[in-house]
Amino acid sequence: MNKKVIAIFVITIAALAMLWAYAFGPLSGTITPKANPASLQPTATQTTVNNQNVAFNAYHNRDLAENFYTIKFPQTWQSQSSTQVGSYQFTFSNGSGSAGLQDVADNTTLELFVLSQDEPNFKKTVPGYSRINYQKISVNGNDAYQLTYHSTASGSDYETVKTYIAGVDHAAVITLAAKQSDFANMQPLFTSILNSFQWENK
Amino acid sequence: MRQIFLFVSLAVLGFGFYLKFFYDVPDSQIQINFFVSWFLIIVGGASISMNLFWSGSKRKNNNDA
């Protein structure tokens with residue numbers, strides 16, 4: 001047999017072994033995307049909410065190349081460690097807030113994803129889920145779909161506003177929740193957080 | 001026969017490049033997409049190379065005769 005053919009065969013086997021090591025073996029950690037440390041370092045800003053100056057932290061997320069974004073959260077909210085790439089989680093007295101990226105397949109639309117996948121999932125997994133409102137809105141010129149729902153946790157009633165903002169590859173999902181008794185008071189702050197969202201590379 | 005083998009090899013290579021650069025990969029399938037696309041590219045490329053070298057060696061033998 002031709003020596004060159006044998007050499008190519010041997011090299012191919014070696015390349016496939018290396019491929020396995022990168023895909024599933026000891027070197028596999030290099031493939032999956034990781035959080036960029038720069039994404040976790042906020043810059044302090046001031047924003048007026050209800051005629052009051054509120055201190056915010058502006059986060060510039062640099063985790064996924066096609067989906068860089070900026071969002072501001074109040075400095076008083078406590079940051080929770082998040083393992084998901086492109087996401088932030090916060091808690092405050094009587095509620096929580098989060099921002100993250102959601103992969104939406106090419107063969108569906110964001111609205112279809114919200115109504116046919118995410119909401120049915122909430123009905124199964126969120127205790128006391130009931131939809132309050134659903135609407136199409138615009139967030140800084142981006143199409144967005146906003147789902148407002150009621151849920152219960154630890155004997156308390158909560159209201160949550162979940163906003164899905166269309167993006168290039170992934171959609172951004174901003175979730176803001178507060179105890180039902182506090183929800184009306186929190187609305188201006190929630191609106192301010194939502195309006196602070198911007199895609200950076202659109 | 002050799003042409004069919006070459007055509008199949010090119011198809012395998014092309015499908016590998018499609019999966020690598022044009023297919024919208026869900027977040028949960030990045031690893032499997034990485035493996036399958038590179039597998040097809042390597043196997044396709046190696047098959048084409050082997051095919052070309054093999055036929056080259058046959059031509060050389062024929063010329064020698």
Side-chain angles (χ1 to χ4, degrees), chain A residues 1-35 63-67 82-87 100-110 112-113 117-118 121 166-173, chain B:
Chain A
M1 193 184 278
N2 189 326
K3 283 180 185 171
K4 284 180 182 172
V5 174
I6 295 170
I8 292 169
F9 183 77
V10 171
I11 290 168
T12 303
I13 297 297
L16 291 178
M18 283 295 290
L19 174 63
W20 179 86
Y22 267 102
F24 306 113
L27 303 172
S28 62
T30 54
I31 300 168
T32 47
K34 289 187 174 59
D63 289 353
L64 297 181
E66 287 181 294
N67 293 98
S82 172
T83 53
Q84 274 196 309
V85 169
S87 74
L101 295 172
Q102 172 66 53
D103 189 21
V104 180
D106 279 355
N107 61 3
T108 187
T109 64
L110 181 57
L112 200 59
F113 170 81
Q117 292 183 47
D118 237 15
N121 192 34
V168 177
D169 183 37
H170 287 54
V173 183
Chain B
M1 187 66 187
R2 210 171 58 222
Q3 280 85 350
I4 294 171
F5 184 75
L6 191 62
F7 177 78
V8 171
S9 302
L10 281 169
V12 167
L13 185 70
F15 190 55
F17 278 117
Y18 166 75
L19 289 179
K20 183 75 193 153
F21 295 109
F22 299 107
Y23 183 68
D24 181 37
V25 188
D27 282 355
S28 58
Q29 293 174 15
I30 288 176
Q31 265 182 311
I32 195 76
N33 174 270
F34 175 87
F35 181 78
V36 172
S37 59
W38 274 113
F39 181 88
L40 294 177
I41 290 168
I42 291 169
V43 169
S47 304
I48 292 167
S49 307
M50 282 196 267
N51 186 39
L52 293 177
F53 279 120
W54 200 302
S55 56
S57 101
K58 276 189 177 170
R59 264 201 303 274
K60 195 181 168 197
N61 290 341
N62 289 341
N63 290 341
D64 290 346

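Listed here is the closest heavy atom pair of A/Trp20 and B/Phe35: CA-CE1, 4.1 Å. Here the closest non-hydrogen pair linking B/Pro26 and A/Asp103 is CA-OD2, 2.9 Å. Nearest heavy atoms, A/Ile8 versus B/Ala46: CG2-O, 3.9 Å. Of all heavy-atom pairs between A/Leu19 and B/Phe39, the closest is CD2-N, 3.4 Å.
Inter-residue side-chain proximity for A/Asp169 and B/Asp24 is flagged as met; some heavy-atom pair is nearer than 4.5 Å. A heavy-atom distance below 4.5 Å is found between the side chains of B/Val43 and A/Leu16.
Rounding to the nearest 0.5 Å places CG of B/Leu52 at 11.5 Å from NZ of A/Lys4. Put simply, CZ on A/Phe9 and OG on B/Ser47 are 10.5 Å apart, with the number rounded to the nearest 0.5 Å.
Counting heavy-atom pairs closer than 4.5 Å to chain B, the top residue among A/Thr12, A/Ile11, A/Asn107 is A/Thr12.
Within 6.0 Å of atom CZ in B/Phe15, 12 or fewer heavy atoms from other residues, nucleotides or ligands are found, so the atom counts as exposed in its surroundings.
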Worksheet item: Does the pair A/Ile6 and B/Phe53 meet the rule for a side-chain contact (heavy atoms from CB on, under 4.5 Å), with working shown?
Response: CA-CA 10 Å; A/Ile6 295 170; B/Phe53 279 120; over 6 Å; no
Worksheet entry | B/Tyr23 vs A/Asp106, side-chain contact (heavy atoms from CB on, under 4.5 Å): CA-CA, chis, key distance, verdict | CA-CA 9 Å; B/Tyr23 183 68; A/Asp106 279 355; over 6 Å; no
